[in-house]
Amino acid sequence: MIKIMKFGEVSPQDIFSRIIPQTQVEGIVAEIIETVKDKGDEALMMYEEKFDKCRLSSLEVSPEEFEEAFEAVEPEFLEILRKAAENIKKFHSKQVRNSFIINDSDGIVIGQKIMPVDKAGLYVPGGTAAYPSTVLMDAIPAKIAGVPEVVMVTPPGADGKINPVILAAAKIAGIDRIFKTGGAQAIAALAYGTESVPKVDKIVGPGNAFVSEAKKQVFGKVSIDMIAGPSEILVVADGTCEPAYVAADMLSQAEHDKMASAVLVTDSMKLALAVQAEIEKQLPQLVREEIARESIEVNGKIIVSENIKQAIEIANEIAPEHLELCVDNPFDYLDSIRHAGSIFMGKNCPEALGDYFAGPNHTLPTSGTARFSSPLSVDDFVKKSQYTYYTRDALAKVAKDVAFFAEKEGLTGHARSAVIRTEE
């Protein structure tokens, strides 16, 4: 059963702690990366046979496989995918940044240009799981950013095929190439390239502990989006909320993973007790009851605060991946939220809307990293270059200032390079 605790009556360690088992994967992942660097496609096929129990004759998904998958998915779901894709495009199109130029002084031009990365790699979990939502969320911002080539990797099933809904989502999102490989080996392939898989500049997408560790180890060779941890939700609710709705929203995250975290912060002990009972009532209704129950019992908690203002202070301290403001007039509190990945406003906005359909991205910072990082966006797929132009006369006006500054840092060569151009 989920724990109930009163804020101020238990230690901060109990309030804010979360149990995430530490897995020793560094050495295993390092070995996998070195093997892929050394043996390329051969290593990828070897690992697919070892981990996913399938023998592959080719790593890349063929056009015929694309078409076959598209025909295998029911038209109703294809239409839902298209609607979701349009919502995601509408939201992320507003994130596009423009280059700028400043030319308001004689002889001086400075500016910044925005350019997409040449190649982006998307990791999509596969095998027994199928997450077409991740395909849309990761690929569409890359396409809006103007990335010329978007490459996806995802593990196949034992039959050597990719789940049809994954391929259908990939086609709708406009992904250019897909490869049947997963795990740390897929990340290594994207970072270093193989005979089949092209080397990319940026890798995004969630995965298990091995995938996260691989992203960590290849960072610097390529860019990555984030090191994502287990999913989490924090619900701030007042006493007028429907307990069944709050419990359902908490369980929607608990079913993700045994290490997921579902937290309720409320100013009502009556609601706390009702949600506790409702969680026990709803748990047996879940297909993934065992996973959700362990998540709730290990990392779930209900925190009773003195008021909603204090509840929001607790939320800011936790900095959750998903934050639901299940209160009347939620926009009154929006400016008080400083740390959260994605915020769901009001009593009729379940987090699942964000996972699949509303438009804002569902690839979010976890484990408190919302204190300093952001959801996946168009910004993740672009880079900036700045430029400077001075005429000789413009340089002459500031050369002595530049030289003075350089000499203060003991860099006389810097100083000389500025003044030498102004000497007769």
Side-chain angles (χ1 to χ4, degrees), residues 1-7 10 14-21 23 125 127-134 206 208-209 228-305 311 314-315 318 320-327 340-344 346-357 362 364 366-367:
M1 183 174 289
I2 194 167
K3 302 178 289 290
I4 296 179
M5 51 189 71
K6 285 187 177 181
F7 189 76
V10 295
D14 291 330
I15 290 287
F16 299 116
S17 66
R18 179 178 177 186
I19 299 173
I20 301 178
T23 53
T128 57
Y131 297 114
S133 57
T134 296
N208 61 20
S231 190
E232 59 203 35
I233 186 171
L234 188 150
V235 181
V236 171
D238 60 31
T240 66
C241 283
E242 170 56 55
Y245 298 170
V246 176
D249 292 355
M250 294 173 73
L251 290 175
S252 75
Q253 291 307 294
E255 71 175 353
H256 264 300
D257 191 308
K258 291 180 179 180
M259 293 183 286
S261 171
V263 177
L264 165 63
V265 187
T266 179
D267 60 350
S268 167
M269 178 58 78
K270 181 180 178 181
L271 180 71
L273 291 168
V275 170
Q276 184 186 54
E278 190 64 36
I279 287 174
E280 289 302 308
K281 179 181 176 181
Q282 292 186 27
L283 268 169
Q285 302 170 26
L286 300 180
V287 172
R288 296 165 68 92
E289 178 188 358
E290 180 186 355
I291 292 171
R293 186 174 293 280
E294 183 164 339
S295 166
I296 285 293
E297 291 179 354
V298 175
N299 285 315
K301 62 189 73 170
I302 298 174
I303 303 168
V304 180
S305 63
I314 295 168
I318 292 174
E321 177 188 16
H322 306 99
L323 172 62
E324 288 189 3
L325 288 179
C326 292
V327 296
S342 196
I343 307 167
F344 300 85
K347 300 176 181 179
N348 298 298
C349 193
E351 182 276 331
L353 267 175
D355 271 350
Y356 302 115
F357 202 77
H362 81 192
L364 303 168
T366 62
S367 304

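Numbering starts at 1 and runs along the sequence shown.
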* Please indicate whether Glu297 has more than 12 foreign heavy atoms, meaning atoms of other residues, nucleotides or ligands, lying under 6.0 Å from its CD. => yes
* **Contact check, side chains of Leu286 and Arg293, non-hydrogen atoms, under 4.5 Å** => no
* Check whether any side-chain N or O of Thr266 sits under 3.5 Å from a backbone N or O of Ala272 as a donor-acceptor pair, and report yes or no. => no
* In sequence, state the C-alpha distance, the side-chain angles, and the governing distance for Glu278 and Leu251, and then conclude on side chain to side chain contact (heavy atoms under 4.5 Å, CB included). => CA-CA 10 Å; Glu278 190 64 36; Leu251 290 175; over 6 Å; no
* To do: Compare every heavy atom of Leu283 with every heavy atom of Ala292, then report the nearest pair and how far apart it is.
  => CB-CD2, 3.7 Å
* Test applied, side chain to side chain donor-acceptor pair (under 3.5 Å); reference residue, His322; option that passes from Glu351, His362, Glu232 -> Glu351
* To do: Nearest 0.5 Å please: distance from the OG atom of Ser305 over to the CE atom of Met269.
  => 10.5 Å
* Dump the intermediate steps for side chain to side chain contact (heavy atoms under 4.5 Å, CB included) on Ser133 and Asp355, then the final yes or no. => CA-CA 7 Å; Ser133 57; Asp355 271 350; 5.7 Å; no
* **side chain to side chain contact (heavy atoms under 4.5 Å, CB included) between Val263 and Lys301, intermediate numbers included** => CA-CA 5 Å; Val263 177; Lys301 62 189 73 170; 3.8 Å; yes
* Under 3.5 Å, is there a donor-acceptor pair between the Glu321 and Ser231 side chains? -> yes
* To do: Identify the heavy atoms of Ile2 and Gly300 that sit nearest to each other, and give their distance.
  => CG1-C, 3.5 Å
* Nearest atoms (heavy-atom pairs only) where Ala254 meets Ile296 -> CB-CG1, 3.9 Å
* CD1 on Ile233 to CG on Leu323, rounded to 0.5 Å -> 8.5 Å
* Asked: So does Glu294 pair up with Lys258, basic N to acidic O under 4.0 Å?
  -> yes
* Structure fact -> Between Cys241 and Cys326 the two heavy atoms that sit nearest each other are SG-O, 2.8 Å
* Asked: At their closest point, which heavy atom of Leu234 faces which heavy atom of Ala315, and how far apart are they?
  -> CD2-CB, 3.9 Å
* Asked: What are the two closest non-hydrogen atoms of Met259 and Asn299, and how far apart are they?
  -> O-ND2, 3.4 Å
* Asked: Roughly how far, to the nearest 0.5 Å, is the CZ atom of Phe7 from the CG atom of Asp267?
  -> 14.0 Å
* Asked: Got a donor-acceptor contact below 3.5 angstrom from the Glu324 side chain to the Pro350 backbone?
  -> no
* Asked: Could you give the distance from CD1 (Ile291) to NE2 (His256), rounded to the nearest 0.5 Å?
  -> 11.0 Å
* Asked: Can you tell if the side chain of Pro243 reaches within under 4.5 Å of the side chain of Leu271, non-hydrogen atoms only?
  -> yes
* **Spacing of CD belonging to Gln276 relative to CD1 belonging to Ile302, to within rounding of 0.5 Å** => 5.5 Å
* To do: Inspect the surroundings of OH in Tyr245 and state if more than 12 heavy atoms from other residues, nucleotides or ligands are less than 6.0 Å away.
  => no
* Determine whether Pro125 and Pro206 make a side-chain contact, defined as any pair of heavy atoms from C-beta on separated by less than 4.5 Å. => yes
* **Test side chain to side chain contact (heavy atoms under 4.5 Å, CB included) applied to Asp238 and Lys347, step by step** => CA-CA 10 Å; Asp238 60 31; Lys347 300 176 181 179; 3.5 Å; yes
* Asked: What's the spacing between Ser295 OG and Glu290 CD if we round to 0.5 Å?
  -> 12.5 Å
